[in-house]
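Okay, so here's the structure we're looking at.
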Number of protein chains: 2
Amino acid sequence: MKGKKTTIHEIAKALNTTASTVSRALNNNPRISEETRNKVLKMAEKLGYEPNTMAASLRRGHSKIIGIIVPYADRIFFSSVIRGIEEEVKKSGYNVIICQSYEKIENEVDDVNALMAAQVAGIIISISRETNKYDHLKKVMNKNKPLVLFDRTAETINTSSVAIDDFQGAYSAVNHLIENGFKQIAFFSGNKKVSIFRERFRGYQAAMRDNNLLIPDEYIIEVPSDVDQGKLVTQQLMSLPNPPDAICSSSDFSALGAIKWLKENNFKVPDDVGVIGFGNDPFTQYLEPTMTSVDQKSKDMGKTAAQVLLEQLEGKNSIARKVLLSPELIIRDSSQKLAIKKAAV
Amino acid sequence: MKGKKTTIHEIAKALNTTASTVSRALNNNPRISEETRNKVLKMAEKLGYEPNTMAASLRRGHSKIIGIIVPYADRIFFSSVIRGIEEEVKKSGYNVIICQSYEKIENEVDDVNALMAAQVAGIIISISRETNKYDHLKKVMNKNKPLVLFDRTAETINTSSVAIDDFQGAYSAVNHLIENGFKQIAFFSGNKKVSIFRERFRGYQAAMRDNNLLIPDEYIIEVPSDVDQGKLVTQQLMSLPNPPDAICSSSDFSALGAIKWLKENNFKVPDDVGVIGFGNDPFTQYLEPTMTSVDQKSKDMGKTAAQVLLEQLEGKNSIARKVLLSPELIIRDSSQKLAIKKAAV
DNA sequence: TAGAATTGCGCAATCGTTTACGCAAAATTC
DNA sequence: GAATTTTGCGTAAACGATTGCGCAATTCTA
């Protein structure tokens, strides 16, 4: 019972053959006879052999581990992507190793180095909000390690990426509001330095334009993804001489802030003001009213990122692939005026 | 720029010395002079040296990676524990690798094997709901790999563990309800085969007994952690000839089900019926009324589990340590009758 | 049936580090 | 100043698996 590990050499000795034969048998090398292979398999089983992946990785030049870097591992969006990746790569015998950047570029750089040192087979990353230089990512590419960005991608470097179509997400959200009779639609944008937020903003603009609706400057507000900040700017908005009749937010949290402030101040949601969030965080379905939100397909995103990476790993495809997933508008109560909703039934 | 990696041999050659000297210099071996060490460091920097952790791990017998196994990586409790672990082990230069068991014992066994094969330094695990045999865990211990269980622990094997005091959590929750004037308190238990749920149940019983309150058999219901199931059993409960005036739940989700059913059926929460959940899931703070819940200290749990594991790794402590963290009752609106609340102010 | 191709397996180098051992030079002890 | 200890570093053997090369034995080709 003492943890004496068996190696292929032990198996070889027991079978009066050599380690190379055992190795080949174990790896289904066609140059090994069925008979020998079976003997090896049986003996391996008997001796409780378990391969030392370190040794194999060392020889091979990389491990069967995929590195993942996210800002925070405990945010539902990221943890859900991670789950998707894990599920997918497991099928091919890979494991995932998680690093957090805490939205700091220094951590991100360190993480990349650590992962490279750990000889990961490839890296899947959602870059930090701070990240504006890409030398660390280029280093990965220069070493010919597959690299896939997700959600927060970088346009300036030529790498594979998976994201949702943020433009379309915002566009369909705004369109939905308009279909439900809202006309004066304000927009909560995130930090416009980040591409996903720029795209959402563009989607909002396009939808308004396509429906011949004007956008007063005061209707566009940059607000962090935060409940209290959401409340604050909602107060501002509703104090305008021409307050909006709906809010489309780039974040579920600021949308929640909006709903909270509105209810506290005796506005009815959605009858007085409609609200739509972005992200489809689980809490949105438990609110009153339940919140309409754009689902980011996080698990799919993870699965897809994993697939793209594996493709690259297996050499099938070395050119960068940019995948855009379609977001899904999850329609709940916060965006449908009761009268209209009833009429529709 | 082509990913030619520099090894210690290259450094040695450039310095007209040997790999062993370089290795020792890099590892702060005291038998190396300051002068040599500095030369090595400088040259390593110059040549862009990055250590190959695979090789080192192979030689050392284990990697600087901690394996984590959880049922689901995207459940807030687990992702939060993972975050805590990652933050803590990173300080000592370790990384974490994540596996999911999906509550299946076969997956758990596979995961353990995969982690052992990856030569992880140790394993931190929250066992699946199904797990009732522990051979796979014993194997880890037999190979002298540190093993730490968290939250869902196993009493029958002698290993370190970190959990919250579920007894105390439930006890203080029930006590709080009683202090707020509730007397007929029902209990939503989870699956009593799982130790944490047994403990919570015991806490409930003890608190009731200590306050000389009787528990009708019908008040104790085993219900999965699920909103709809919570609704269902709440309906049952409230149809009793002697319905409860409060519900203490082992889960936030079934508690949410209770609140939903109660509101839909014109019961006031908390004035007619008080409700307390367990887990302090983020959504609890966004409900109406906001939900009182027992916080499980997930991030602390992760940090502590990591500390216990590292202690064991560094050989300071080879005997099993069982740590119980104190849960924290987060008091919100669902458990305080308005009259009493005002009086308290 | 001679020559070519294929099959089955052993030899030995290799991946990049770490580390026990040993030895000379320098420093210390008495 | 001889004997001992310490310092500084080189030699070489690991760690456990993979794989190019080569060589017999077998099968196939013509």
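Chain letters run A, B, ... following the sequence lines, proteins first and then strands; every chain starts at 1.
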*CD of A:Glu34 versus C1' of C:dC9: gap in Å, rounded?*
15 Å
*Taking CD1 from B:Ile32 and P from D:dG10, how many angstroms apart are they, rounded to a whole number?*
8 Å
*State whether A:Thr18 places a side-chain N or O below 4.0 Å from either non-bridging phosphate oxygen (OP1 or OP2) of C:dG10.*
yes
*D:dG8, D:dA17, C:dT17: which one has an atom nearest the side-chain heavy atoms of B:Ser33?*
D:dG8
*Between B:Ser79 and B:Asp74, is a side-chain contact (heavy atoms from CB on, under 4.5 Å) present by the stated rule, with each step listed?*
CA-CA 6 Å; B:Ser79 62; B:Asp74 65 345; over 6 Å; no
*Rounding to a whole Å, what distance do you find between A:Arg60:CZ and D:dA17:P?*
12 Å
*Answer with yes or no after comparing the ring centroid distance for B:Tyr72 and B:Phe78 against a 6.0 Å cut-off, counting only values under it.*
no
*asked:* Both B:Leu26 and A:Pro30 contact DNA chain C. Taking the nearest nucleotide for each, which residue is further toward the 5' end?
replied: A:Pro30
_Does C:dT17 have its OP1 or OP2 closer than 4.0 Å to a side-chain nitrogen or oxygen of B:Thr53?_
no
_Any donor-acceptor pair, under 3.5 Å, between the side chain of A:Arg24 and the base of D:dG20, if you only look at N and O atoms?_
yes
*Scan B:Asn29 against the nucleic acid and name what it touches under 4.0 Å (heavy atoms): base, sugar-phosphate only, or nothing.*
nothing
*asked:* Quick test of your reading of the model: are A:Lys139 and B:Glu50 salt-bridged, counting only N-O distances below 4.0 Å?
replied: yes
*Nearest-Å distance, CD (A:Glu50) to P (D:dC15)?*
18 Å
*Would you say the side-chain atoms of A:Thr153 pair up with the backbone N or O of A:Leu149, donor to acceptor, closer than 3.5 Å?*
no
*For B:Arg31 and for A:Leu58, locate the closest nucleotide of DNA chain D by heavy-atom distance; then report the residue assigned to the nucleotide nearer the 5' terminus.*
B:Arg31
*Could you pick out which residue, B:Ala55 or B:Asn16, lies toward the 5' side of DNA chain D when each is mapped onto its nearest nucleotide?*
B:Asn16
*Report yes if a donor N or O on one partner sits less than 3.5 Å from an acceptor N or O on the other, where the partners are the side chain of A:Thr36 and the base of C:dC9; otherwise report no.*
no
*Should B:Ser23 be listed as having a side-chain N or O under 4.0 Å from OP1 or OP2 of C:dG16?*
no
*Ignoring the backbone of B:Thr21, work out which of C:dG10, D:dC9, C:dT17 is nearest its side chain.*
D:dC9
*asked:* What is the distance, to the nearest angstrom, from the CE atom on A:Met54 to the P atom on C:dT17?
replied: 15 Å
*Whole-Å distance separating the CD atom of A:Glu10 from the C1' atom of D:dG16*: 10 Å
*Listed nucleotide nearest any side-chain atom of B:Ala56, set C:dC15, D:dG10, C:dT17*: C:dT17
_Side chain of A:Thr7 (C-beta onward), nearest among D:dG8, D:dG16, C:dT17_ = D:dG16
*Measure from the side-chain N and O atoms of A:Lys90 to the backbone N and O of A:Asn95, and report whether any donor-acceptor pair falls under 3.5 Å.*
no
*asked:* A:Leu147 vs A:Leu137, test: side-chain contact (heavy atoms from CB on, under 4.5 Å). Steps then yes/no.
replied: CA-CA 8 Å; A:Leu147 174 69; A:Leu137 300 184; 4.0 Å; yes
*Report the distance from atom CG of A:Asn28 to atom C1' of C:dT7, rounded to the nearest whole Å.*
17 Å
*asked:* Rounded to whole Å, please give me the gap between NZ in A:Lys64 and P in D:dG16.
replied: 21 Å
*Would you say D:dG10 has OP1 or OP2 under 4.0 Å from some side-chain N or O of B:Thr17?*
yes
